[in-house]
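Below: one structure, written as structure tokens.
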Amino acid sequence: MTHLYENIALIGIGLIGSSIARDIKAHGLASKVTISSRSAATLKRAEELELGDAYVADAAEAVRDADLVIVSVPVGASEAVARQIAGSLKPGATVTDVGSTKASVIAQMQPHMPENVHFIPGHPLAGTEHSGPDAGFTGLFVGRWCILTPVSGTDAGAVARLRDFWNSLGSKVEEMDPVHHDKVLAIVSHLPHIIAYNIVGTADDLETVTESEVIKYSASGFRDFTRLASSDPTMWRDVCLHNKDAILEMLARFSEDLAYLQRAIRWGDGEKLFDLFTRTRAIRRSIIEAGQDTAAPNFGRNGAAPELKAGE
Ligand SMILES: NC(=O)C1=CN([C@@H]2O[C@H](COP(=O)(O)OP(=O)(O)OC[C@H]3O[C@@H](n4cnc5c(N)ncnc54)[C@H](O)[C@@H]3O)[C@@H](O)[C@H]2O)C=CC1
Ligand SMILES: O=C(O)C(=O)Cc1ccc(O)cc1
């Protein structure tokens, strides 16, 4: 049986890398999957979980006969990985990544990529607050977007093949300019995480409300923030450092709008509050109607589609 890619190398085998590995195995998408991880303990765990066919510590060795290389490491490690693998890539191979920021990943990796490989950055918009090889699961990418940000001049056939690969994991694929990607993701993903880290930190710093009260009385709104704020510190440190401009731009807008809200509360301007809350409720409804409300934890694991509650 022929595959889109016969040999696939996975560099980094955490939540995303291991979910891809599980899907490749579940759907028989390659003849051989070689897994590489910087950490010996993670590599051993990947082997115990039988996520691939070969397990090698050296990333350069892992990519030697790979037709597709998927780099799934924190975005700040992209350049180090590119340096490691550059000299061992097979001519004609495709190198992609799954990083949450794109302009920085391109700046880090592109200069190291040989002329005879196709470098096509990517970002699956699917994940959870968990990390490591045990956290991955089959079906994570089903129904979710995967954004590809190829640089101009990239071979169209190679892009089409990678698109087909993501389609075979159940993803919908769209191409986007990397700088635009970073702005869009700054508002829909990076800011929500930063706001969550901040509000949980604020609650933790309060002098008048004890930590045990925060835990005991945490209503579901605060709980939702703690889920995001429990996401991997290394990954999110790197996202903040590597999408700095777009995040600062969106944070400036956010602070301006928060000041408007603060003023409306201070002056008892119920009309302003009501208008904003009505507008935002409509956004939530549009997301549900568009079938994009699949980010709930465990969605995909139990296959249950989120239900519309009365009034939603
Ligand atoms: N967690 C999520 O929900 C999503 C994450 N992403 C992106 O996917 C990438 C991987 O994230 P996860 O799988 O969640 O992370 P993870 O923490 O579960 O796994 C990261 C992997 O990278 C390896 N690694 C860490 N530092 C490294 C370094 N300096 N050099 C080489 N390898 C290193 C780790 O050993 C591990 O195998 C990140 O770039 C992240 O931005 C994309 C979509 C969703
Ligand atoms: O856990 C969540 O709600 C997420 O938003 C997961 C996530 C994290 C980072 C990404 O780049 C994409 C998806």
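Starting from 1, each residue takes its place in the sequence as its number. Every number for a ligand or one of its atoms is a count from 1 in the order of the listing.
At a heavy-atom distance under 4.0 Å, only side-chain atoms of Met235, from C-beta outward, approach ligand 2. Under 4.0 Å from ligand 1, the heavy atoms of Ser37 that appear belong solely to its side chain. Contact annotation for Thr128 and ligand 1: only backbone heavy atoms (N, CA, C, O) come within less than 4.0 Å of the ligand.
Ligand 1 has no N or O atom lying under 3.5 Å from any N or O atom of Val239, backbone or side chain. For Val73, a nitrogen or oxygen atom sits less than 3.5 Å from a nitrogen or oxygen atom of ligand 1, counting backbone and side chain alike. Residue-to-ligand polar distances keep Ser131 apart from ligand 1: every N/O pair is separated by 3.5 Å or more. Ligand 2 has no nitrogen or oxygen under 3.5 angstrom from a nitrogen or oxygen of Ser189. Considering backbone and side-chain atoms alike, Arg38 places an N or O below 3.5 Å from some N or O of ligand 1. On a distance-only criterion, Gly17 and ligand 1 share no N/O pair closer than 3.5 Å. Every N/O-N/O distance between Ser39 and ligand 1 stays at or above 3.5 Å.
In this structure, a donor-acceptor pair under 3.5 Å is absent between the side chains of Thr280 and Arg284. In summary, the side chains of Ser104 and His242 do present a donor paired with an acceptor at a separation below 3.5 Å, with no hydrogens or angles considered. A donor-acceptor pair shorter than 3.5 Å can be found between the side chains of Thr210 and Glu213.
A salt bridge is absent between Arg285 and Glu289: the closest approach of a Lys/Arg side-chain nitrogen to an acidic carboxylate oxygen does not fall below 4.0 angstrom. No salt bridge links Asp269 with Arg263; every basic N to acidic carboxylate O contact stays at or beyond 4.0 Å.
Using a 4.0 angstrom heavy-atom cutoff, Leu228 counts as in contact with ligand 2. Ligand 2 is never approached by Trp145 to a heavy-atom distance shorter than 4.0 Å.
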Discussion item. Show, in sequence, the C-alpha distance, side-chain angles and deciding distance for Glu6 and Ser31, and conclude whether the side-chain hydrogen bond (donor to acceptor under 3.5 Å, both in side chains) test is met.
Written reply: CA-CA 5 Å; Glu6 287 308 324; Ser31 325; 2.2 Å; yes

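Shown in contact with Ile16 at under 4.0 Å from a heavy atom are these atoms of ligand 1, numbered in order with element: 4 (C), 5 (C), 6 (N), 8 (O), 13 (O), 43 (C), 44 (C). Every atom of ligand 2 with a heavy atom of Ser100 under 4.0 Å away is listed here by number and element: 9 (C), 10 (C), 11 (O). Close approach of ligand 1 to Gly99 is summarised as follows: ligand atoms under 4.0 Å from at least one heavy atom of the residue are 39 (O). Below 4.0 Å from some heavy atom of Ala77 lie the following atoms of ligand 1, by number and element: 28 (C), 29 (N), 30 (N). Counting atoms of ligand 1 from 1 in the listed order, those under 4.0 Å from a heavy atom of Gly132 are 16 (P), 18 (O). Atoms of ligand 1 found under 4.0 Å from any heavy atom of Pro124, numbered from 1 in the order shown, are 43 (C). Listed by number with element, the atoms of ligand 1 under 4.0 Å from a non-hydrogen atom of Ala126 are 43 (C), 44 (C). In the vicinity of Gly127, heavy-atom distances shorter than 4.0 Å reach the ligand 2 atoms 1 (O), 6 (C). For ligand 1, the atoms sitting less than 4.0 Å from at least one non-hydrogen atom of Ser72 are 10 (C), 20 (C), 21 (C), 22 (O), numbered in the order shown with element in parentheses. Every atom of ligand 1 is numbered from 1 in the order shown, and the set under 4.0 Å from a heavy atom of Val75 is 39 (O).
Remark: the backbone N or O of Ala282 is paired with a side-chain donor or acceptor of Ser286 at under 3.5 angstrom.
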Donor-acceptor pairs are to be reported for all side-chain atoms of residues 84-93 against protein atoms at under 3.5 Å, with residues two or more places apart or in another chain.
residue : atom : partner : partner atom : Å
Lys90   : NZ   : Asp67   : OD1          : 2.8

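Ranking protein heavy atoms by distance to atom 5 (C) of ligand 1, first place goes to Met235 CE, 3.5 Å. Among protein heavy atoms, the minimum distance from atom 8 (O) of ligand 1 is reached at Val98 CG2, 3.4 Å.
Closest non-hydrogen pair, Pro124 versus Ile16, comes out as CG-CG2, 4.4 Å.
Taking Asn243 as the reference, His190 meet the side-chain hydrogen bond (donor to acceptor under 3.5 Å, both in side chains) condition, with sequence neighbours excluded.
For the pair Leu68/Leu162, a side-chain contact is recorded, criterion being any heavy-atom separation below 4.5 Å from C-beta on.
For atom 43 (C) of ligand 1, the nearest protein heavy atom lies closer than 4.0 Å.
Ring-plane geometry between Trp166 and Phe141 is classed as perpendicular, the angle between the planes exceeding 60 degrees on a 0 to 90 degree scale with a lower cut at 30.
Remark: of the listed residues Asp97, Asp182, Thr149, Asp97 is the sole one forming a side chain to side chain donor-acceptor pair (under 3.5 Å) with Lys102.
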